[in-house]
4 protein chains.
Amino acid sequence: MTDSKRPGKRERLAGAAVQVLHERGVEKTTLADIARAADVPVGNVYYYFKTKDQLIQAAIGEHGRELDTLIAGLEQLPTPQERLKALLRGWMSRPDVTARYGCPTGTLASELDKRDDGLDKAIAGVMRRLLDWVETQFAAMGRADARELAVGLFASYQGVALLTNTFRDPELMTVEGHRLERWIDSLAV
Amino acid sequence: MTDSKRPGKRERLAGAAVQVLHERGVEKTTLADIARAADVPVGNVYYYFKTKDQLIQAAIGEHGRELDTLIAGLEQLPTPQERLKALLRGWMSRPDVTARYGCPTGTLASELDKRDDGLDKAIAGVMRRLLDWVETQFAAMGRADARELAVGLFASYQGVALLTNTFRDPELMTVEGHRLERWIDSLAV
Amino acid sequence: MTDSKRPGKRERLAGAAVQVLHERGVEKTTLADIARAADVPVGNVYYYFKTKDQLIQAAIGEHGRELDTLIAGLEQLPTPQERLKALLRGWMSRPDVTARYGCPTGTLASELDKRDDGLDKAIAGVMRRLLDWVETQFAAMGRADARELAVGLFASYQGVALLTNTFRDPELMTVEGHRLERWIDSLAV
Amino acid sequence: MTDSKRPGKRERLAGAAVQVLHERGVEKTTLADIARAADVPVGNVYYYFKTKDQLIQAAIGEHGRELDTLIAGLEQLPTPQERLKALLRGWMSRPDVTARYGCPTGTLASELDKRDDGLDKAIAGVMRRLLDWVETQFAAMGRADARELAVGLFASYQGVALLTNTFRDPELMTVEGHRLERWIDSLAV
DNA sequence: GATGAATGAGAATTCATTCAT
DNA sequence: CATGAATGAATTCTCATTCAT
């Protein structure tokens, strides 16, 4: 933690990986791509990560941490409805990026599920934390079917992100976002 | 004097491609994989398809045709509600396959969007036809917000397929399926 | 020689080969290219020529025959000078084709010399006949150094064809043609 | 602590390429051939040259540089006649190599002209520099028709190289060489 | 620790040639 | 004889990973 070296080459790599994996996709991304984005020489990557998988692993961790931060922020809000709608707004906040590259979490999950290494577990873990948190909110609203609703909400977001990306149409995301907000409001007791 | 060459090697290849692309994903699938699945020597594939892209293209076409057939079958049903619920049931009919490999259409769309060739347009076309048909059903139910509802329904399915796949949990799909059926029923005038 | 079949599929193949080999070059030309140009199904080529080499061989033969015909025509002319200048004019008659594809004989010789099969001998034979004929003309002019002059003239043509092709400049060929004609005139006793 | 990696693997590759392309011809030469000649593993070639074309490009550059050096040496000579004759002698200095493989510049030009990539421009540039230099010498001799003479001389060399190669007869080159030297002498004012 | 270079295991693609009717 | 289809060997190219300093 001295600054004898630029702070956190390891972190820089993980961060760059999150970015590049989102934009290019897991399979299209080469180690060289990530190294370049992080401004780290290729050969050096292996000092920090023994394999490409481990780097991806780290990227997933980093991405998870970003989401945890987001959620931690939401905890400040007074009611579960507020929190859920704020989450929605966060998810939907950059429709053009989604239109271009899809949801970072979802596309990652989708791609990693095709692999036999353990990476799919890692991203599943991240998604589960999100899902659990959403469930908690619905439970706090007194809903017995909280899990079901959580799945429904999360699925709606993931699905519309996919459609938004496929059709390259940010509008889809915005419209569906509003629909879901109204739906949340309608659930209030 | 046997029935000679098994009919439609081209079709066999496209069919095998649909299958293998779904199971392995676009980027992980090698021509050799498809060739093997279709029981065709690799070199011979190029007699039918000039490039790997063209074979993928054909697979998309084939997949689209399968969906068109599915939909054509639904047209027999008397009410739009019936038709939509039947579509849902079709989509959700093999939760274990979805848990293992995701929705074939959705995963394809997700992966192809990372590519710069025109393949993303092809799969987008397939999805648009589905979406339009769903919209038509909602319109037939007298809903002014038919497009919005169509996007919502399609997104819900795509999203839950993604979650089902990520969590490897067929239950998710089944439960959400029922929830969506009830929702459709609730829309009846 | 009935016309139950279109006359001379074999000849058509050889002729097409001459053409295509000139335009595309030996190594870039595929059997399929030649077959297509001759309007003969690929599989059928092998009925007439057991290997690609044999087809090229036939093309060389055909090309040689065309040159022999050309030369036979020149024999009508009264003086060796006339004959040589007519040969020159024949060679230089389509400078734009030469600029695009080079001299058919020369490029063939150049490419075939890189191969270990006997094809180089075949094209060398064709060139030798030409060279001998030129020598004969110089001898008829009473020149003791007829061989040397023949080599010089033939070389000048081949060389300028190469430059014309390399620089894609038909003018080169025309100008050098005139220069060589003047040179021939200057040799008259 | 040895002199470590032999210096200039990139140069070694380009040099080997010049050699092998001359001997085997462009189309018959495989990357593996060049790699072997340079004693470099195939995969490693791509560290230095992104494509085969780029390696060929580099070979052309290297070849051009060799010619430039040759010419620079000739500049020392006092008269243009001396310089031209020295060039001739350089060109004709290894008739047996020419008999076996042709003129490296000429065969390269001939083969590359069949390709659609820009490689033909590259070799044409090399030849143009040579041609220009020859023209300059003739101009220095006070000849108004310097360009024409330059084309004639260059063509004679290229042509006789082609014949020498085709007939596998080094004598041709030697004899024509002398003839051209006498011709240059005869041009002196 | 840092780094440019090395290496080899695939992957797509092309094509002469052969085969089955 | 004719012909669409089949086959496999060769070739270019990519990249994760390793090595030598």
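Lettering follows sequence order; numbering is per chain, from 1.
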Candidate pair Leu13(B) and Val40(B), rule side chain to side chain contact (heavy atoms under 4.5 Å, CB included), full reasoning: CA-CA 8 Å; Leu13(B) 279 166; Val40(B) 166; 4.3 Å; yes
Partners meeting side-chain contact (heavy atoms from CB on, under 4.5 Å) with Arg36(B) (sequence neighbours left out): Arg24(B), Ala32(B), Asp33(B)
Main-chain N/O of Gly102(C) paired to His22(C) side chain as donor or acceptor, under 3.5 Å: yes
Residues forming a side-chain hydrogen bond (donor to acceptor under 3.5 Å, both in side chains) with Glu27(A), sequence neighbours excluded: Arg115(A)
dA6(F) OP1/OP2 closer than 4.0 Å to side-chain N/O of Tyr48(B): yes
Nearest-Å distance for atom pair CG/C1', residues Leu13(B) and dA6(F): 12 Å
Closest-nucleotide ordering on DNA chain E, the 5'-leading residue of Val45(A) and Val40(D): Val45(A)
Euclidean distance, Gln57(C) CD relative to Lys50(C) NZ, rounded to 0.5 Å: 13.0 Å
dA6(E) phosphate, OP1 or OP2, under 4.0 Å from Lys9(D) side-chain N/O: yes
Minimum side-chain heavy-atom gap Leu162(D)-Leu162(C) below 4.5 Å: no
Asn165(A) side chain near Ser110(B) side chain, heavy-atom distance below 4.5 Å: no
Beyond-backbone contact of Val26(B) with Lys114(B), side-chain heavy atoms, under 4.5 angstrom: no
side-chain hydrogen bond (donor to acceptor under 3.5 Å, both in side chains) partners of Thr105(D), counting only residues at least two apart: His63(D)
Ring-face cation contact, Phe49(B) with Arg10(B), 6.0 Å cut, 45° max: yes
Pairwise distance CG(Leu112(A)) to NZ(Lys121(A)) - rounded to 0.5 angstrom: 12.0 Å
Close residues, residues 111-119 of chain B, relative to DNA chain F [heavy-atom separation under 4.0 Å]: none
Whole-Å distance separating the CZ atom of Arg36(C) from the C1' atom of dA16(E): 15 Å
Canonical and wobble pairing (Watson-Crick, G-U, under 3.5 Å) of DNA chain F, dot-bracket with |: .||||||||||||||||||||
Listed nucleotide nearest any side-chain atom of Tyr47(C), set dA2(E), dC1(F), dA5(E): dC1(F)
B/S/- contact track for nucleotides 11-17 of chain F, protein heavy atom under 4.0 Å: -SBBSSB
